[in-house]
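Single-structure report; data block below.
None of these values were measured; they are calculated from a predicted model.
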Amino acid sequence: MLHVAHKKPDVQNLFGIVQGGLDPVLRDICVRGLVERNLPGYAIGGLAGGEDKDSFWRVVAQCTAGLPEDKPRYVMGVGYPLDIVVCSALGADMYDCVYPTRTARFGSALVPEGVLKLKQNAMATDERPIDPSCPCMVCKNYTRAYLHCLVTKDPMGSQLLSYHNLSFMA
């Protein structure tokens with residue numbers, strides 16, 4: 001059936017998605033079944049995002065340990081910077097996430113200390129860049145005060161913060 005649905009195997013890969021919630025037995029069953037199919041890559045799914053970090057990381061560690069190292073291992077829906085670092089250390093290769101752009105739409109910038117809320121009134125007179133150590137074009141060209149003005153009045157503010165936040169994540 002896979003060959004019928006997969007019309008572009010030369011330019012697209014279909015990944016099997018490891019399911020099983022927080023249950024290690026179900027995860028192992030799913031991992032073994034998918035690995036037997038020798039797929040081009042594997043996704044770790046079935047996590048809702050509300051799990052505590054230890055449980056989430058335990059599932060990622062269990063799944064990556066059972067998946068082939070020579071094929072992509074993709075964690076679905078991961079977004080917080082710490083999660084990406086930890087999941088990478090656990091053997092994951094790929095992620096998708098809306099966190100950097102969603103955070104930008106709410107007027108917040110990602111910085112090494114956490115989140116900088118540019119809509120706050122204190123930002124209105126702050127002439128520093130978002131992050132003096134960041135090489136992105138937003139930090140090189142715009143002050144917090146200017147960005148504060150934009151994020152409170154103009155959609156361009158969200159676009160500039162998205163650029164910065166994606167640069168930060170990279």
Side-chain angles (χ1 to χ4, degrees), residues 11-13 15-19 21-22 40-65 67-170:
V11 294
Q12 292 179 326
N13 287 321
F15 284 23
I17 302 174
V18 180
Q19 297 288 343
L22 299 176
Y42 302 90
I44 300 168
L47 296 164
E51 306 83 10
D52 63 89
K53 296 287 188 197
D54 288 339
S55 298
F56 172 74
W57 294 335
R58 179 185 47 76
V59 168
V60 172
Q62 176 188 358
C63 292
T64 55
L67 295 171
E69 289 184 21
D70 64 336
K71 297 202 175 170
R73 295 174 291 183
Y74 156 50
V75 183
M76 301 174 74
V78 167
Y80 296 113
L82 179 61
D83 289 336
I84 290 177
V85 170
V86 171
C87 290
S88 294
L90 294 172
D93 305 299
M94 300 166 55
Y95 313 90
D96 72 288
C97 133
V98 299
Y99 181 70
T101 53
R102 181 189 305 137
T103 302
R105 284 195 311 274
F106 290 111
S108 295
L110 303 177
V111 293
E113 301 78 25
V115 176
L116 181 67
K117 296 179 179 181
L118 289 156
K119 285 187 175 181
Q120 293 180 339
N121 288 337
M123 296 293 128
T125 58
D126 193 332
E127 294 299 319
R128 295 176 294 164
I130 293 171
D131 176 2
S133 66
C134 178
C136 85
M137 69 92 173
V138 177
C139 290
K140 296 260 183 246
N141 294 297
Y142 302 103
T143 66
R144 293 176 182 189
Y146 180 73
L147 292 166
H148 166 81
C149 183
L150 283 182
V151 298
T152 57
K153 298 178 179 138
D154 188 326
M156 179 57 75
S158 295
Q159 291 174 356
L160 289 171
L161 289 182
S162 290
Y163 185 96
H164 163 77
N165 287 351
L166 290 168
S167 176
F168 175 85
M169 294 293 286

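Counting only heavy atoms from C-beta outward, the side chains of L82 and W57 approach each other to under 4.5 Å. Between P40 and K71 there is no side-chain heavy-atom pair separated by less than 4.5 Å. Residues Y42 and C63 are not in side-chain contact: their nearest non-hydrogen atoms beyond the backbone lie 4.5 Å or more apart.
Separation of atoms CG (L22) and CD (E51) is listed at 5.5 Å; rounding is to 0.5 Å. To the nearest 0.5 Å, atoms CD1 (I130) and CG (L161) are separated by 5.0 Å. Rounding to the nearest 0.5 angstrom, the gap separating the OH atom in Y142 from the CG atom in L160 is 5.5 Å. With rounding to the nearest 0.5 angstrom, the CG atom of N141 is 10.5 Å from the CG atom of L147. Atom CD1 of I84 and atom SG of C97 lie 5.0 Å apart (nearest 0.5 Å). The line from CG of D126 to CD of Q120 is 11.0 Å long, rounded to the nearest 0.5 Å.
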Could you check T143 against H148 for side chain to side chain contact (heavy atoms under 4.5 Å, CB included), going step by step and ending with a plain yes or no? CA-CA 8 Å; T143 66; H148 166 81; over 6 Å; no
Do V18 and L67 pass the side chain to side chain contact (heavy atoms under 4.5 Å, CB included) test, and can you show the C-alpha distance, the side-chain angles, and the key distance before you say yes or no? CA-CA 10 Å; V18 180; L67 295 171; 4.3 Å; yes
For M76 and F15: C-alpha separation, side-chain torsions, deciding distance, then whether side chain to side chain contact (heavy atoms under 4.5 Å, CB included) applies. CA-CA 11 Å; M76 301 174 74; F15 284 23; over 6 Å; no
Could you please spell out the steps behind the side chain to side chain contact (heavy atoms under 4.5 Å, CB included) verdict for V60 and V86? CA-CA 9 Å; V60 172; V86 171; over 6 Å; no
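Screening D93, V59, I44 for a side chain to side chain contact (heavy atoms under 4.5 Å, CB included) involving T64 leaves a single residue, I44.
No more than 12 heavy atoms of other residues, nucleotides or ligands lie within 6.0 Å of CE in M156, so this atom counts as exposed by the packing criterion. Residue-environment remark: CG (N121) stays at or below the threshold of 12 foreign heavy atoms within 6.0 Å.
Looking only at distances, a side-chain donor or acceptor of S162 sits under 3.5 Å from a matching main-chain atom of S158. In this structure, the side chain of R144 does not engage the main chain of E127 through any donor-acceptor pair within 3.5 Å. Checked by atom type and distance alone, the side chain of D96 pairs as donor or acceptor with a backbone atom of G77 at under 3.5 Å. A donor-acceptor distance shorter than 3.5 angstrom exists from the side chain of Y95 to the backbone of S88, with no hydrogens or angles considered.
Ring geometry for H164 against F168 counts as tilted: the plane angle lies between 30° and 60°, on a 0 to 90° scale.
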Would you list the atom pairs, donor with acceptor, under 3.5 Å between side chains in residues 98-118 and any protein atom, with sequence neighbours excluded?
unit_1, atom_1, unit_2, atom_2, d
T101, OG1, V98, O, 3.2
T103, OG1, Y99, O, 2.6

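What you find for R73 and G91 is that their closest heavy atoms are NH2-O, 2.9 Å. The two residues C136 and S167 have their closest heavy-atom pair at CB-OG, 3.4 Å. Pairing each heavy atom of M94 with each of P72, the nearest pair is SD-CB, 3.7 Å.
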